[in-house]
2 protein chains.
Amino acid sequence: MAQNRVTIKQVAAAAGVSITTVSHVLNEVPGKRIHPETRERVLAEAARLGYAPNMLAQSLRTQRSHTIGLIGDEIATTPFAGKIILGAQDVATAHDSVVFVVNTGYEREVENREIDALLRRQVDGILYAAMYHRPVELPAKLAGVPTVLINASCADPAVPWVVPDEAAGGEDAAEALLSAGHRRLAFVNDVDDIPAAFGREEGFRRRAAAWGVPQEDLRVVAAEADPEGGYQAAVRLLDEVERPTGIFCFNDRMAMGVYRAAAELDLRVPSDVSIVGFDNQDFIADGLHPGLTTVELPHYDMGVWAAEQLFEQIASGRSGHPAPTKRLRGPVIHRNSVAPPSRGSALGERHHPIDRRGNA
Amino acid sequence: MAQNRVTIKQVAAAAGVSITTVSHVLNEVPGKRIHPETRERVLAEAARLGYAPNMLAQSLRTQRSHTIGLIGDEIATTPFAGKIILGAQDVATAHDSVVFVVNTGYEREVENREIDALLRRQVDGILYAAMYHRPVELPAKLAGVPTVLINASCADPAVPWVVPDEAAGGEDAAEALLSAGHRRLAFVNDVDDIPAAFGREEGFRRRAAAWGVPQEDLRVVAAEADPEGGYQAAVRLLDEVERPTGIFCFNDRMAMGVYRAAAELDLRVPSDVSIVGFDNQDFIADGLHPGLTTVELPHYDMGVWAAEQLFEQIASGRSGHPAPTKRLRGPVIHRNSVAPPSRGSALGERHHPIDRRGNA
DNA sequence: TTGTAAGCGTTATCAG
DNA sequence: CTGATAACGCTTACAA
């Protein structure tokens with residue numbers, strides 16, 4: 001197994017000094033003056049032997065494992081939030097740490113077992129991530145352990161969390177449409193009553209109001225948050241004379257369905273309908289044709305913010321009360337699904353005569 | 001930080017015995033007979049105090065950390081292979097272990113740094129995963145460390161690896177089309193010269209030949225492995241009289257482009273063209289309309305196989321020479337993009353008169 | 001400037 | 001049946 005690694009003792013022997021001295025030069029302990037010559041000797045031998053400290057021993061002694069845990073319901077399973085891992089890892093690396101990642105699959109039992117496993121390994125802290133933005137309750141086992149929540153909020157004012165700024169996202173989406181000249185808008189929302197749904201709607205409405213769009217020119221419909229849901233909603237929305245010229249979709253998957261509805265109704269994107277998505281989901285947003293303009297979810301940045309917050313908390317012994325929280329705004333990724341409304345579309349005309357196909 | 005955890009010493013004190021005894025009962029050491037009464041007492045106290053062994057100390061002593069590392073070029077970054085992590089984690093859990101995951105982003109320097117970080121933490125072994133199936137060279141630092149490759153093969157006969165069975169995938173794709181009755185086939189391949197590309201082509205051709213499809217009725221074209229590439233290839237393929245009735249795509253993203261080409265040429269899927277993809281990529285394969293029949297990549301299973309292999313190697317001290325290797329066949333996920341060729345399409349007719357749109 | 005020794009929390013050897 | 005005690009590899013008072 002772990003082949004005979006070289007220890008501090010061997011370096012000491014090779015350099016003809018005590019292990020204390022080796023430790024001192026290797027750790028560059030502050031108040032210690034060491035003869036430059038022996039110092040060189042130690043360094044040379046350490047390098048020659050390829051010495052690397054055994055962090056288990058080190059951790060045992062110092063009570064710092066330089067290890068954090070990233071625990072999530074579906075963190076690794078879905079294509080969705082892998083960038084959270086990446087963000088966390090990047091800052092972990094900067095802090096000489098490495099991260100354990102565990103998936104719980106929403107099973108409380110698994111979650112508890114895994115938290116125990118991490119705690120037994122003396123992780124310095126834990127990042128607790130949710131797959132989709134939602135309020136959570138912190139597992140009891142985590143009380144007293146430095147923790148920060150990602151993509152989740154928590155009632156306990158002592159625990160820091162970071163979530164996407166949903167309202168800002170809604171505003172930005174609206175802005176993308178409004179500044180292109182659209183004045184008849186629609187929001188195809190998720191049916192679920194979650195922060196992402198009402199947050200985005202709130203922002204979207206706010207911005208539309210600010211541009212003077214009257215209530216009746218902003219339609220909001222809800223559907224399942226998948227392509228089929230988007231499709232269903234869009235056919236209702238688009239198959240009428242006073243149809244919206246700009247549609248904002250709860251997510252890119254729904255946007256996929258909206259594209260299909262538009263195609264079936266022989267409406268072109270973006271000239272007949274402009275579309276804005278949400279998520280900037282890999283391979284969808286840029287795979288659609290034309291490319292989907294969409295609001296990106298700040299997964300990477302949330303991972304970074306949370307990890308930084310965590311290391312701060314670890315270093316300082318305790319988080320401030322109340323703990324810091326953050327809503328991160330994601331950028332809007334401009335592609336080709338938004339254009340000024342065409343004259344005809346603004347008048348509710350179709351570009352081509354209808355040719356509804358039979359396939360559902 | 002890691003709040004005052006209870007140690008074996010405290011349990012011993014509470015139970016009025018020595019730590020040796022506590023260790024013995026907790027570990028159920030074989031040849032040790034312990035008085036049932038003290039045994040109960042120890043167990044009770046341990047439970048009452050909520051004792052959990054400090055695995056750092058344990059690992060230091062036993063030289064087994066119950067920890068493995070999963071290192072990959074883009075493992076966590078992309079939506080693609082997250083299931084590898086999941087598979088590895090599941091078997092790790094079964095072995096009382098937990099997994100460090102690190103991303104290298106193809107940077108050799110980062111890779112070396114991270115490998116060091118893992119080794120210093122005494123990981124019991126390492127899973128080395130590639131984002132896409134390819135041959136790799138094992139980093140020198142990993143020599144002597146139990147390692148198994150995932151989605152990558154290696155010239156060194158001492159290291160075990162697991163990859164998708166590309167040829168079998170190609171065969172299965174062909175079979176899906178052929179058994180539905182298709183006899184004019186096409187394969188839209190990736191331009192890159194990688195195992196996935198030639199493996200799938202080989203399998204596809206073999207199966208077609210077995211069904212007696214003449215050479216000239218099996219066209220193979222290559223393009224960039226993205227939606228645009230698929231689109232380009234498909235317009236060439238479909239815009240002719242003797243067009244194929246069944247198309248196999250190198251991946252689901254290319255299939256996305258093929259769908260678009262078909263729609264523009266006013267060809268329906270699956271009645272006018274049947275399509276088979278590869279990857280069963282989340283949110284694409286089932287987001288397309290109609291749902292894409294596709295060959296799934298066995299990511300989860302590769303993670304499982306590799307981890308099991310790794311733990312075996314760890315337990316037995318060394319891998320057998322030559323090391324075991326495995327090509328895993330992924331299932332074909334049947335959705336709605338394959339149907340028998342229609343009479344008309346078999347004759348090369350279009351269902352509707354062409355209505356080519358202007359938008360590129 | 002360098003070394004001795006205690007201790008981090010376990011397991012394992014060997015006596016009692 | 002139970003308990004000292006050494007050892008795992010390291011850091012850190014404290015001593016020399």
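Lettering follows sequence order; numbering is per chain, from 1.
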(message) What contact category does Ser59(A) fall into here, base, sugar-phosphate, or nothing, at under 4.0 angstrom with non-hydrogen atoms?
(response) nothing
(request) Check DNA chain C against residues 45-52 of chain B and give the residues with a non-hydrogen atom under 4.0 Å, in numerical order. (result) Tyr51(B), Ala52(B)
(request) Indicate yes or no: does Lys83(A) engage Asp282(A) in a salt bridge with an N to O separation below 4.0 Å. (result) yes
(message) Side-chain N or O of Gln63(B) versus OP1/OP2 of dG9(D): is the shortest distance under 4.0 Å?
(response) yes
(message) What is the separation between atom CG on Leu26(A) and atom P on dG9(D), rounded to the nearest whole Å?
(response) 16 Å
(request) Starting at atom CE of Met55(A), determine the distance to atom C1' of dT11(D), rounded to an integer number of angstrom. (result) 13 Å
(request) May I have all residue pairs that pass salt bridge (Lys or Arg N to Asp or Glu O under 4.0 Å) and include part of residues 38-56 of chain A, sequence neighbours excluded? (result) Glu45(A)-Arg48(A)
(message) Is there a side-chain contact between Pro146(B) and Asp124(B) in this structure, where contact means two heavy atoms from C-beta onward sitting under 4.5 Å apart?
(response) no
Would you tabulate the pairs of protein nitrogen or oxygen atoms and nucleotide nitrogen or oxygen atoms of nucleotides 12-16 of chain C closer than 3.5 angstrom?
| unit_1 | atom_1 | unit_2 | atom_2 | d |
| --- | --- | --- | --- | --- |
| dA12(C) | N6 | Thr20(B) | OG1 | 3.4 |
| dC14(C) | N4 | Lys32(B) | NZ | 3.0 |

(message) Without decimals, in angstroms, what is the distance between Arg64(B) CZ and dT10(C) P?
(response) 18 Å
(message) Could you tell me how far apart Ile34(A) (CD1) and dT11(D) (P) are, to the nearest whole angstrom?
(response) 13 Å
(request) Would you mind reading off the distance between Leu56(A) atom CG and dC8(D) atom C1', rounded to a whole angstrom? (result) 10 Å
(request) Map Ser18(A) and Thr7(B) onto DNA chain C by nearest heavy atom, then report which one ends up closer to the 5' terminus. (result) Ser18(A)
(request) Can you tell me the distance, in whole Å, between the CZ atom of Arg41(A) and the C1' atom of dT1(C)? (result) 12 Å
(request) Whole angstrom is fine here: how far is it from CG in Leu60(A) over to C1' in dT11(C)? (result) 13 Å
(request) Could you state the atom-to-atom distance from CD1 of Ile8(A) to P of dT12(D) in whole Å? (result) 11 Å
(message) Using modelled atom types and a 3.5 Å cut-off, is there a donor and acceptor pairing between side-chain atoms of Asp156(A) and backbone atoms of Ala158(A)?
(response) yes
(request) Look at Gln122(A) and dG9(C) and indicate whether a side-chain polar atom (N or O) is within less than 4.0 Å of OP1 or OP2. (result) no
(request) Check for a donor-acceptor pair, side chain of Arg121(B) on one end and backbone N or O of Ser65(B) on the other, with a separation under 3.5 Å. (result) no
(message) Taking the side chain as everything from C-beta on, heavy atoms only, tell me whether Leu297(A) gets closer than 4.5 Å to Met302(A).
(response) no
(request) May I ask you to verify if any side-chain N or O of Gln58(B) is less than 4.0 angstrom from the OP1 or OP2 atom of dT11(C)? (result) yes
(request) Answer yes if the side chains of Thr20(B) and Ser23(B) hold a donor-acceptor pair under 3.5 Å, and no otherwise. (result) no
(request) Verify, without hydrogens or angle tests, whether Thr93(B) (side chain) and Gln89(B) (backbone) share a donor-acceptor contact under 3.5 angstrom. (result) yes
(message) Can a donor-acceptor pair be found, under 3.5 Å and without considering hydrogens, that links the side chain of Asn151(A) to the backbone of Met131(A)?
(response) yes
